[in-house]
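Some notes on the structure that comes next.
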Amino acid sequence: MEYVDLYLMHFSLRLKKEVASFEFAKEDILPSWDMKGTWEAMEECCRLGLAKSIGVSNFSCKKLSQLLQYATIPPAVNQVEMNAAWQQVKLREFCREKGIHVSAWSPLGANGAIWGSLAVVENPLLKEISAAKGKSLAQSQTRSSLLLFQAKISTPSSSGYLAHEEHH
């Protein structure tokens with residue numbers, strides 16, 4: 001492989017090396033994380049042609065503001081959980097103003113994840129709408145996310161889907 005389409009800084013914190021999953025305690029979070037140094041290294045990947053685009057995942061407005069203070073290449077994308085139960089209105093507006101594309105993940109509410117919720121998959125109104133349209137809840141909520149949030153839905157099998165959209 002010569003390059004990646006999109007290189008994301010996934011998490012805005014640093015964990016102890018022995019932490020191997022998303023299940024971690026506050027004591028597992030290390031106090032120092034060099035966001036600036038990490039971003040500068042990612043910018044260098046762009047300059048070297050190793051990444052077509054760079055972005056972030058799970059960044060709040062506050063973290064994005066900090067990053068934008070020194071970024072010479074602004075993030076192309078902020079990939080965040082976004083669905084009917086968590087619409088991220090303030091973050092979407094902030095990203096729109098800054099020219100950062102929002103990529104939605106988990107249109108069903110991270111059902112099954114330790115931080116997840118059943119707020120989407122067990123919502124009676126969403127079930128009723130899906131049934132009325134003759135669609136599964138997953139189908140209707142994925143479509144809703146695409147239409148309402150004007151966002152790309154990221155899945156493990158959709159590698160390369162975004163860089164093309166961002167630059168063409």
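The shown structure was predicted, so the numbers you read here are calculated from the model rather than taken from an experiment. Just so you know, residue 1 is the first one in the sequence shown, and it goes up from there.
- The structure places NZ of K62 at 14.5 Å from CG of L91, a figure rounded to the nearest 0.5 Å.
- Here V89 sits alone; no ILVMFWY side chain lies under 4.5 Å from its own, so it joins no hydrophobic cluster.
- With hydrogens and angles disregarded, a donor-acceptor distance shorter than 3.5 Å links the side chain of Y70 to the backbone of K36.
- Side-chain contact between L68 and P75 is present, with heavy atoms from C-beta onward closer than 4.5 Å.
- The side-chain heavy atoms of V80 and S57, taken from C-beta on, include no pair separated by under 4.5 Å.
- M82 is listed as a side-chain neighbour of V102, based on a closest heavy-atom distance under 4.5 Å.
- The pair E93-R96 meets the salt-bridge criterion, with a side-chain N (NZ, NE, NH1 or NH2) lying under 4.0 Å from an Asp/Glu carboxylate O.
- For the pair K133 (side chain) and E128 (backbone), a donor-acceptor distance under 3.5 Å is absent.
- Annotation: side chain to side chain donor-acceptor pair (under 3.5 Å) contacts of E43 (sequence neighbours excluded): W39, T72.
- Between G55 and L6, the closest heavy-atom pair is N-CD1, 4.1 Å.
- Taken from CE in M35 to CE in M42, the straight-line distance is 12.0 Å, to the nearest 0.5 Å.
- Evaluation of the side chain to side chain donor-acceptor pair (under 3.5 Å) rule for S136 yields Q139 as partners, not counting sequence neighbours.
- Two different hydrophobic clusters hold Y3 and V77 under the rule that ILVMFWY side chains link at heavy-atom gaps under 4.5 Å.
- Using modelled atom types, no side-chain atom of D28 and backbone atom of K16 make a donor-acceptor pair closer than 3.5 Å.
- Using a 4.5 Å heavy-atom cutoff, the side chains of Q79 and F59 are not in contact.
- In this structure, OG in S103 is found 9.0 Å from CG in N78, a value given to the nearest 0.5 Å.
- Taking every heavy atom of both residues into account, Y7 and C45 meet most closely at CE2-SG, 4.1 Å.
- Remark: E40 CD to R47 CZ distance equals 8.5 Å, nearest 0.5 Å.
- Taking CD of Q88 as the start and SG of C61 as the end, the distance is 8.5 Å to the nearest 0.5 Å.
- Judged by distance alone, with hydrogens and angles left aside, the side-chain atoms of R92 form a donor-acceptor pair with the main-chain N or O of Q87 at under 3.5 Å.
- L8 contributes atom CG, which lies 9.5 Å from atom OG of S53 (distance to the nearest 0.5 angstrom).
- By the 6.0 Å contact criterion, CZ on F94 is enclosed, its count of non-hydrogen atoms from other residues, nucleotides or ligands being greater than 12.
- When each of I100, T38, V56 is paired with L67, the side chain to side chain contact (heavy atoms under 4.5 Å, CB included) condition holds for V56 and for no other.
- Between N58 and H10, the closest heavy-atom pair is ND2-O, 3.3 Å.
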